[in-house]
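Below you'll find the structure, written out as structure tokens, and then a few comments.
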Amino acid sequence: MLMKTESDMTTAGPSDHDQGVPVSVKIRERIQAARHRFHSNDNIAGFIEPGELEQLLDEVTVKMQGVLDSMVIDTESDHNTGDTARRVAKMYLKEVFNGRYVHGPNITEFPNAEHLNELMIVGPITVRSACSHHFCPVIGKIWIGVMPNEHTNVIGLSKYARLAEWIMGRPQIQEEAVVQLADLIQEKTQPDGLAIVMEASHYCMAWRGVKDMDSKMINSVMRGVFLKDPNLRREFLSLIPR
Ligand SMILES: [Zn+2]
């Protein structure tokens, strides 16, 4: 954080005062003032002002260049890594972790006019994320089971994929990711029951660590009637083609 003396404050105009304060510090201060969490899998879009994501991109580029320098990579004469810092910064902020920095997709909910009350299953939806421990890819599939009631809002099938993409587009922990997705779908649609199963390969176990190419992690969240009714749970699990 930048400290200013009293005399600096009186002579400096408002834009001068801002100079030198990294945009990440300004965003962080807003989040802390609002007492919000900013873990790797939290969305912070509400604290980023227009134009600041571009400034954040410049800031991360400089820091990534520092990482490459510290790894003793000659990015000046190596034509392959000359632009790597910028590419990685862009990949993190605009692509793979974009779900932290942008607002959620606009989902139109419709009333359940047909009074649908049968088990509905969506999937497999391909999901791409990265683990917050190593920033290594986590790639897999999810299945979503919804048990609607007459008050449940209906959303289009493709919307489930868009909600999943937004949640997974952050450095994640699989167990937390499925809970975040369940909370979001629960809030948007208010069903009687909600079930999510996620099966994913964690590249931190394939590329490094135990170097096991075949291991997958499977986990699930069951809410409402899926929790209370073992038959419904069994029906859902038997219908998802794994
Ligand atoms: Zn990992």
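Every number for a ligand or one of its atoms is a count from 1 in the order of the listing.
- Among the atoms of Cys136, none of the N, O or S atoms falls under 2.8 Å from the Zn ion (ligand 1).
- Take the Zn ion (ligand 1) as the corner point: the lines to SG of Cys131 and to SG of Cys204 open at 110°, to the nearest 10 degrees.
- Remark: Leu93 CG to Asn98 CG distance equals 8.5 Å, nearest 0.5 Å.
- Looking only at its N/O/S atoms, His134 has ND1 as the one nearest to the Zn ion (ligand 1).
- Side-chain atoms of Gln180 and Gln172 include a donor-acceptor pair closer than 3.5 Å.
- Inter-residue side-chain proximity for Asn41 and Pro171 is flagged as unmet; no heavy-atom pair is nearer than 4.5 Å.
- The shortest distance between side-chain heavy atoms of Ile48 and Tyr101 falls below 4.5 Å.
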